[in-house]
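These notes are about the structure you will find just below.
The structure presented is a predicted model; accordingly, all values stated were derived computationally and were not measured. Just so you know, ligand 1 is whichever comes first in the structure, and atom 1 is the first atom listed for that ligand. These values consider heavy atoms only, across backbone and side chains, with no hydrogens, waters or symmetry-generated copies.
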Amino acid sequence: MHYSFSKDFFWGAATSATQSEGRVEGDRKGENIWDYASKEYNHRFFDGVTTEQTSRFYEDYQEDIQKMADLSFNSFRTSISWSRLIPDGVGEVNPEAVVFYNQMLDELNAKGIQPFINLYHFDMPMKLQEIGGFENREVIQAYKKYAETCFELFGDKVAYWFTFNEPMIPAEAGYLHDRHYPYVVDFKRAAQVLHHIVLCHCEAIKSFREGGYSGKIGIIMDVIPVYPRSQHPADLYAAEMADLFYTKSLNDVILKGFYPEEIGEILRKYDQLPVVTTADKELLSATKIDLLGINYYRPRRVKARESVPNPEGVFSPEWFYDNYEMPGRRMNTSRGIEIYPKGLYDIAKKIQNEYGNIDWFVSENGIGIQDEEQYLQDDMVQDDYRIEFLEEHLSWLHQAMEEGSNCLGYHMWTFVDCWSWINAFKNRYGFYRMNLETGEKTVKKSGLWFKDVIENQGFDKNN
Ligand code: IFM
């Protein structure tokens, strides 16, 4: 079967500042929580690799952008590092950063690659974390100022802006699940962090609209579609709760302008409600995005809980469901997650049916593989598994688009193997392989396959 996509479909890849730029002497970048945590809590990072050793985009951006052009990308997402641009989070702007981001954006535009620029990708400036990060309401004004600085400095070079990448993660991983710094474990604090993040998003959109900048603005959400083990009411309830906590709450507030009532009731019952003022609610309901990015990696399969949660323990969404290991599920063993391409179709249908069929694009999708050097042959990673992964996800996406979904593009995670939060370089995701010893970046088989797809606006696949 032939899968064809429109001429103006966005094709490319995504990365983030902290995961790709690296640090060099004299760059005057301020420290962020990852620079700090990867040194101070070095044991938590795979092979102890810190943010200093990433894929060197700060130094190699010209060659890298040429490599994107070699694969015929027409778009590319990265983020602006808050602590590079404003080293203390507030106050003075770093002139070296302004030069770097201007040159990088010029280079992309000159090569016909549309920059998709995200503002916050997990990287709180350390100076602001010291006063509580997103837990502190004052940080909302600091973020707003940061966003305005970006619009002002780079607005003429960027047509697609995003306020946050995966806004749930800093709250969930940093304040509940002990994965990201500051390693707090407390649902109520996580909920407050999430609410402040949502307010930051709203304030940035407000500034963007009031500033009269051209272009579009949106947000990038990670969506994990939930599937119950069975149709038993207890399993259905478990699925409903997992979805409510991790997806619906955030999707509703961003796309509809209010938190679902059900979440309020549950949090009130367990004394976990964050502070939300009437003015906050007005701001939420007044905020509209132009474009939604969806990051999709895996499904969440759940079943009814098999034990009673410890009433003295830490309140969490997992009080309402257990994860379910479906027999025969197809796994990416490097990451320990299920591969389920149809999930992308299900997300597209949900956006179409429940969220007004808003314009959206796949802002991340990808497969991280450990020890990928085992597939090296004549200097090229023969990553047929990645090609298969792409074919399957793109064909489900295509089906959703045939049925009317307004999907405008597809970005793979990622362009060149990059540093990951916690896992550093354990799992490789790129279209280019990064040699950590020499810094050399060589195209993988999947990169060439993707180039063909872009140039032919589609691909053939045997069904
Ligand atoms: O590396 C991350 C990225 O920062 C956010 N989305 C998931 C990716 C792969 O784990």
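Relative ring orientation between Tyr146 and Trp82 is described as parallel, the plane-to-plane angle staying below 30° on a 0-90° scale split at 30° and 60°.
When Phe122, Trp421, Trp419, Tyr297 are checked for heavy-atom proximity to atom 8 (C) of ligand 1, Tyr297 turns out nearest.
Ring centers of Phe164 and Tyr143: under 6.0 Å apart, within the cut-off. Taking the six-membered ring for Trp, Phe9 and Phe361 have ring centres at least 6.0 Å apart. Aromatic ring centres of His411 and Trp11: separated by at least 6.0 Å.
Among protein heavy atoms, atom 1 (O) of ligand 1 sits closest to Gln19 NE2, 2.9 Å. Summary of contacts: the protein heavy atom closest to atom 7 (C) of ligand 1 is Glu364 OE1, 3.2 Å.
The shortest N or O to N or O distance between Asn165 and ligand 1 is not below 3.5 Å. Checking only distances, His121 does come within under 3.5 Å of ligand 1, N or O to N or O.
Under a cutoff of 6.0 Å and an axis angle of 45°, Arg335 and Tyr429 do not form a cation-pi pair.
Of all the atoms in ligand 1, the ones that sit under 4.0 Å from a non-hydrogen atom of Arg335 are 10 (O). Remark: ligand 1 atoms within the under-4.0 Å shell around heavy atoms of Glu166 are 5 (C), 6 (N), 7 (C). Within ligand 1, counting atoms from 1 as listed, the ones closer than 4.0 Å to a heavy atom of Tyr429 are 9 (C), 10 (O).
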Which atom pairs, one a donor and one an acceptor, fall under 3.5 Å between side chains of residues 249-257 and the rest of the protein, sequence neighbours left out?
unit_1: Ser249; atom_1: OG; unit_2: Leu244; atom_2: O; d: 2.6
unit_1: Asp252; atom_1: OD1; unit_2: Tyr355; atom_2: OH; d: 2.6
unit_1: Asp252; atom_1: OD2; unit_2: Lys248; atom_2: NZ; d: 3.0

